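Whatever order the structure lists them in is the order used to number ligands and atoms, beginning at 1. Residue numbers start at 1 and run along the sequence shown. It should be emphasised that the depicted structure is a prediction, and the values quoted were computed from it without experimental measurement.
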Amino acid sequence: MAPRIIPRKEHNISRKHINPHALRTLYRLRDEGFIAYLVGGCVRDLLLKRTPKDFDIATNATPGQIKRLFRNCRLIGRRFRLAHLHFKDEILEVSTFRADGPAEAGEEEGQPEAGEGKGAVVGHPRRLKDDNGVVLRDNLFGTPEEDALRRDFTINALAYDIADFTVIDYSTGLRDLRERIIRPIGDPVVRFTEDPVRMLRAVRFAASHDFVIEPAAWEAIRLLAPTISRSSPARLYEEVLKLFLLGSAGRVLGPLAESGLLAILFPDLGRWLAADELHRRRIQTNLEGLDERRQGGTPPTPSLLLAALLGPSLEEAALADHREGIPFQQALDRACGAALKALGGTVTIPARIDDRMRRIIAMQQALRRRPPRRPAALSGRREFAEALDYLCMTATPGEGQAAREWWAAFLAGAQPETIAGTAADDAPTGRAATRRKRGKRRRPRRRKVAVAAAAPGEDAG
Ligand code: ATP
Ligand code: MG
C-alpha cells in the first residue's frame, strides 16, 4: 500500500514542539544523507497536541554509522542494536529501521524477553518464535515501511520526516487518530499472540488518550487475556506501573477487569473485587486518588500504587486473622507475604517495593490512632509521606477522616496538644516528650511536597 504523505501545511506538527536535542539529531542525520524520522508515540502525541513523553528517532543509518556520527552515543541491546544518545538530562533513542516482528520492549530496556524460557523455540534463527507463537528475537534491518508496520497500533506507526516536514502514514493511523480508535496493525489475534503485552498497551492508550479499542481487538483481548502470563513477570511489572502511575489509573480498572486481564495479573485482587461491588468502589477511589496526586504535582510511587491496589484486601484479611487472636501486625505480614508470593509467578514486585508497601499499610494503625503516639517520630519515618497519602486516599467520614485532619494540623505546625482530638493525658510520650521538656523539640518534618517524581520502575527513596 502506498503511504499517505501529509504535507507540512496540512498537519500541526511544528518544529517548535520538537525536543531540541531530537531536532538537532534529526538534522544531523539528514545532513549526512540519511533518512531520519521521528516515530512512535511522539508523532501521535504531537498530532493530538499532547506533550510527548519521549522522542524516538528511526533512521536508515546503521548502529555503527550512528555511533560514528555522535560522540555521546552508546549502543545497547545484544540482539537488536539500538543507539542511545546521552544528553545532560535525557537519553534519546535512535534505532535503525527494522523489519517484521515486534519491538521487544523488554529486550530494549535490558529486561528478560517475553516468553523467555517458557517453551521450545521454533523458526528461523533470526526470527524466533516459541511454540506459543511468541516472538523471541528479531534483528533484521528493514525499510521505513516495514519499520512502521511492525509497530503495535496504527496510531503508533506514524512518522515525521525531517527532510520535508511531512507526516507519513503507512496504515490508517491518521484516520484512527481522528476517530480516536486503538487498532492493531494486522490481525489482532496474531499481533497479541506475538506479544501479549500489547493487550495492556491497548488498555493503557485507550485510558490515557480517551480512545476506544476497536471491537475485533477487544474481542481478541478477551480471548487472549489468559496468555498475558506468558510475558516475563519483570516486564509485566513495568507495564503495571505504566498502567496505573501515569495519570489515568481511574480509567484503567474497568477495562482491565472486563477484559479478564486483571484476573490473570492479580488473581487474588480479581476475586476480591468480584466478590463485592463495594470493594471495587474502594479500589476505584484509591486509583482516582493516585491520579489526583499526579495532577497535583506529587506523582505517586510504585509502593503507594501497590498499597492502593492491594492494601484494602490485605487489611481485610489481616483483620480476619486478628479476630482469631493473631496480633494485627503479624497477621498483616502474613497476608502480605502470601499475596506477594501468589503474585510472583505473573508480576514480579521488586523486594524493596514490596517491603515499602508493607510498611505503608503497617503504619496505618499508628496514623489512625487519635491522637497518634509520638507523632514527631512517626513523621520522621521514611515511608511517612506515602503512608499519609494512603491514609488520605482511603479515609472516609467514618474512618480515617479525623486522623487525616489531625495530621494536617500537625504538619501545618500546630502543637500536638492544641489539636482538636488530643486529650491532655494523650500528650506525646517517650523521646519526643523528653525532648520537648528540654525545649529542643525537633520541628516535625514537613511532608515532602514532591514525593519524588518517580518514573515507573523507580521508587521514591
Ligand atoms: P508512551 O507515550 O507511553 O511513551 P509510546 O507509543 O511512545 O507511548 P513506547 O513504549 O515509548 O510507547 O514505544 C515507542 C513506540 O515503539 C510505540 O509507539 C510503538 O510504535 C513501538 N512499540 C512499543 N512497544 C511495542 C510492542 N510491544 N509491539 C510493537 N510495537 C511497539
Ligand atoms: Mg514513548
Cut-off 3.5 Å, no hydrogens considered: what does the side-chain donor-acceptor table look like for residues 35-52, sequence neighbours left out?
| unit_1 | atom_1 | unit_2 | atom_2 | d |
| --- | --- | --- | --- | --- |
| Arg44 | NE | His209 | NE2 | 3.4 |
| Arg44 | NH1 | Asn156 | OD1 | 2.7 |
| Asp45 | OD1 | His209 | NE2 | 2.7 |
| Arg50 | NE | His209 | NE2 | 3.4 |
| Arg50 | NH1 | Ser208 | O | 3.2 |
| Arg50 | NH2 | Ser208 | O | 3.3 |

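Remark: side-chain polar atoms of Asn19 are not paired, donor with acceptor, to backbone N or O of Phe55 under 3.5 angstrom. Under a 3.5 Å cut-off, the side chain of Glu32 and the backbone N or O of Phe34 do not form any donor-acceptor pair.
Near Asp56, with a cut-off below 4.0 Å to any heavy atom, the atoms of ligand 1 are 14 (C). Heavy-atom contacts of Gly40 reach the following atoms of ligand 1: 18 (O) (cutoff under 4.0 Å). Atoms of ligand 1 found under 4.0 Å from any heavy atom of Asn156, numbered from 1 in the order shown, are 6 (O), 18 (O), 19 (C), 20 (O). Within ligand 1, counting atoms from 1 as listed, the ones closer than 4.0 Å to a heavy atom of Asp195 are 26 (C), 27 (N). The distance from ligand 1 to the heavy atoms of Arg235 drops below 4.0 Å at these ligand atoms: 27 (N).
Remark: ligand 1 and Gly41 share an N or O pair separated by less than 3.5 Å (distance only, no angle test).
Each of Asp152, Val212, Ile155 was compared with Ile182 under the side-chain contact (heavy atoms from CB on, under 4.5 Å) criterion, and only Ile155 meets it.
Contacts of Val197 with ligand 1, taken as heavy-atom pairs under 4.0 Å, are absent altogether. The proximity of Phe205 to ligand 1, defined as any non-hydrogen pair under 4.0 Å, is limited to the side chain. Of the heavy atoms in Asp152, both backbone and side-chain atoms come closer than 4.0 Å to ligand 1. Under 4.0 Å from ligand 1, not a single heavy atom of Val39 appears. Of the heavy atoms in Arg150, only backbone atoms (N, CA, C, O) come closer than 4.0 Å to ligand 1.
Residues forming a salt bridge (charged side-chain N to carboxylate O under 4.0 Å, His left out) with Asp56 (at least two apart in sequence, or on another chain): none.
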Checklist entry - Please walk me through it: do Trp407 and Phe384 pass ring-ring contact (aromatic ring centres under 6.0 Å, His included)? => result CA-CA 11 Å; Trp407 281 105; Phe384 173 77; 5.1 Å; yes
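Of the listed residues (Arg151, Arg198, Arg204), the one carrying the non-hydrogen atom nearest atom 15 (C) of ligand 1 is Arg151. In this structure, of Arg201, Arg191, Lys53, the residue bringing a heavy atom nearest to atom 22 (N) of ligand 1 is Arg201.
Applying the side chain to side chain donor-acceptor pair (under 3.5 Å) test to pairs two or more places apart or on separate chains, those with a residue in residues 2-18 are Arg15-Tyr27.
Checked for salt-bridge contact, Arg204 and Glu238 miss the test: no charged N lies under 4.0 Å from a carboxylate O. The existence of a salt bridge linking Arg359 and Glu386 is excluded, since no basic side-chain nitrogen approaches an acidic carboxylate oxygen closer than 4.0 Å. The pair Arg294-Asp291 fails the salt-bridge criterion, with no side-chain N (NZ, NE, NH1 or NH2) lying under 4.0 Å from an Asp/Glu carboxylate O. A salt bridge links Arg358 with Asp333: at least one charged nitrogen is closer than 4.0 Å to a carboxylate oxygen.
Side-chain contact of Arg282 with Thr396: a donor-acceptor pair under 3.5 Å is absent, judged by distance alone.
Not a single heavy atom of Glu194 sits less than 4.0 Å from an atom of ligand 1.
For the Mg ion (ligand 2), the count of nearby protein N, O or S atoms, meaning those under 2.8 Å away, is 1.
Ring geometry, Phe153 versus Phe205: the interplanar angle exceeds 60°, so the pair is classed perpendicular (tilted spans 30 to 60°).
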